[in-house]
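A quick note: this is a predicted structure, and the numbers were derived from the prediction, not measured. When reading the values below, keep in mind they use all heavy atoms of this one structure, side chains included, and skip hydrogens, waters and symmetry mates.
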Amino acid sequence: MAPSIEIAPEPFESADAQLLIAALDEGLAALYPPEQRFGTNFKAHHAEEGRGAFLVVRVEGRAEGCGALRVLDPDTAEVKRMYVTPELRGHGVARAILEQLEVRARALGVTRLVLETGTLQLAAIQLYEHAGFRLTECWGEYAGVPTSVCYEKLIVDSKRGQVWTSGDAYEPYVGLP
């Protein structure tokens, strides 16, 4: 029998959320110096209704992963704080989180997702590319950081009013947030 998996919004300040964030930050600290880590720029107010979301994955009741979304402008939201416990990596949990964040982004009226990840996080890069994200120039605090790689994904084609998929023709967005 497959384990029971649930992905739902949870307060960023909850005990389980903070344990997941601590594990994420510990893993990033082992890879990158402080000036190349940007997790602390996601705050609880970014997950408030209408501004973003913070999701927790529970497997048989245990908090095993998380992901966040923060709206940057009326068209763009940034994917943040993606984490899955080592035991569950490679089982589609991160992909499920990313899909739920995309659903929430569409509900907020967002048509483009962006994200930053580190060059040493090869599994994350593979996840994002398989999910239809495309390389883009890094912006803001990520610009010029040697270990940052940035991605974007159009989630609604405004010309056709349809969800964009990785098989569609893709024209990179030129303007950055």
Side-chain angles (χ1 to χ4, degrees), residues 5-14 16-18 20-21 24-25 28 37-58 63-84 92-118 121 124-143 148-177:
I5 297 174
E6 180 183 332
I7 303 174
E10 191 160 317
F12 185 66
E13 303 92 347
S14 76
D16 283 340
Q18 290 305 298
L20 291 167
I21 293 300
L24 168 60
D25 288 342
L28 293 173
R37 297 191 310 257
F38 303 99
T40 57
N41 67 11
F42 184 84
K43 308 288 185 201
H45 71 273
H46 292 131
E48 291 173 356
E49 188 69 33
R51 296 187 74 184
F54 184 79
L55 305 179
V56 170
V57 175
R58 292 187 178 279
E64 298 283 358
C66 60
L69 185 71
R70 71 172 175 173
V71 174
L72 299 177
D73 65 43
D75 298 318
T76 308
E78 182 179 14
V79 174
K80 298 287 295 177
R81 311 286 34 207
M82 289 286 294
Y83 177 76
V84 174
V93 176
R95 179 67 185 250
I97 296 168
L98 199 54
E99 288 171 358
Q100 286 302 307
L101 290 172
E102 191 172 317
V103 167
R104 298 209 173 252
R106 277 196 223 104
L108 291 166
V110 171
T111 58
R112 183 172 76 111
L113 292 176
V114 295
L115 62 88
E116 179 271 348
T117 192
Q121 293 164 267
I125 289 169
Q126 185 177 33
L127 166 72
Y128 299 133
E129 289 178 354
H130 280 116
F133 283 81
R134 302 288 187 249
L135 281 170
T136 191
E137 287 185 50
C138 288
W139 68 94
E141 65 189 333
Y142 311 129
S148 285
V149 60
C150 296
Y151 287 87
E152 71 173 347
K153 179 179 181 181
L154 301 179
I155 57 174
V156 175
D157 180 339
S158 60
K159 291 179 277 199
R160 295 184 294 174
Q162 298 174 351
V163 174
W164 179 82
T165 65
S166 59
D168 290 340
Y170 178 77
E171 295 180 24
Y173 182 82
V174 178
L176 297 173

At what distance, to the nearest 0.5 angstrom, does CZ of R51 lie from NE2 of H45?
4.5 Å

Is any NZ, NE, NH1 or NH2 atom of the basic residue among R58 and E6 found under 4.0 Å from an Asp or Glu carboxylate oxygen of the other?
no

Nearest-0.5 Å distance that lies between atom CD in E129 and atom CG in L135:
6.0 Å

Between A94 and M82, the two heavy atoms sitting closest are O-CE, 3.6 Å

Run R81 and L24 through side-chain contact (heavy atoms from CB on, under 4.5 Å) and show every step you take.
CA-CA 8 Å; R81 311 286 34 207; L24 168 60; 3.0 Å; yes

When you compare the side chain of Y151 with that of V114, does any pair of heavy atoms fall below 4.5 Å?
no

If the condition is ring pair (Phe, Tyr, Trp, His ring centres under 6.0 Å), which residues does F54 pass it with, not counting sequence neighbours?
F12

Kindly give the heavy-atom pair with the smallest separation between Y128 and L98, and that separation in Å.
CD2-CD2, 3.8 Å

Backbone N or O of P11 within a donor-acceptor pair of the S14 side chain at under 3.5 Å?
yes

Minimum heavy-atom separation for L108 to G50, with atom names?
CD2-CA, 3.6 Å

Nearest 0.5 Å please: distance from the CD atom of E78 over to the CD atom of E152.
12.5 Å

Which heavy atom of W139 sits nearest a heavy atom of L72, and at what distance?
NE1-CD1, 4.5 Å

Who are the side-chain hydrogen bond (donor to acceptor under 3.5 Å, both in side chains) partners of T117, not counting sequence neighbours?
none

Spatial distance of atom CZ (R70) from atom NZ (K43) [nearest 0.5 Å]
9.5 Å

Does the side chain of E116 reach to within under 4.5 Å of the side chain of T136, using non-hydrogen atoms?
no

Residues which pass side chain to side chain contact (heavy atoms under 4.5 Å, CB included) with A105, listed by chain and number, not counting sequence neighbours:
L69, V110, L113, I155

Residues which pass side chain to side chain contact (heavy atoms under 4.5 Å, CB included) with Q100, listed by chain and number, not counting sequence neighbours
I7, L55

Please give me the minimum heavy-atom distance between V71 and G52, naming the atom from each residue.
CG2-N, 4.3 Å

Smallest separation among heavy atoms of E64 and L20, with atom names:
C-CD2, 3.9 Å

Give a yes or no on whether the backbone of A131 and the side-chain of K153 come within a donor-acceptor separation of less than 3.5 Å.
yes

Taken in chain and number order and not counting sequence neighbours, the residues that satisfy ring pair (Phe, Tyr, Trp, His ring centres under 6.0 Å) with F38 are Y142

By side chain to side chain contact (heavy atoms under 4.5 Å, CB included), which residues pair with E49, not counting sequence neighbours?
none

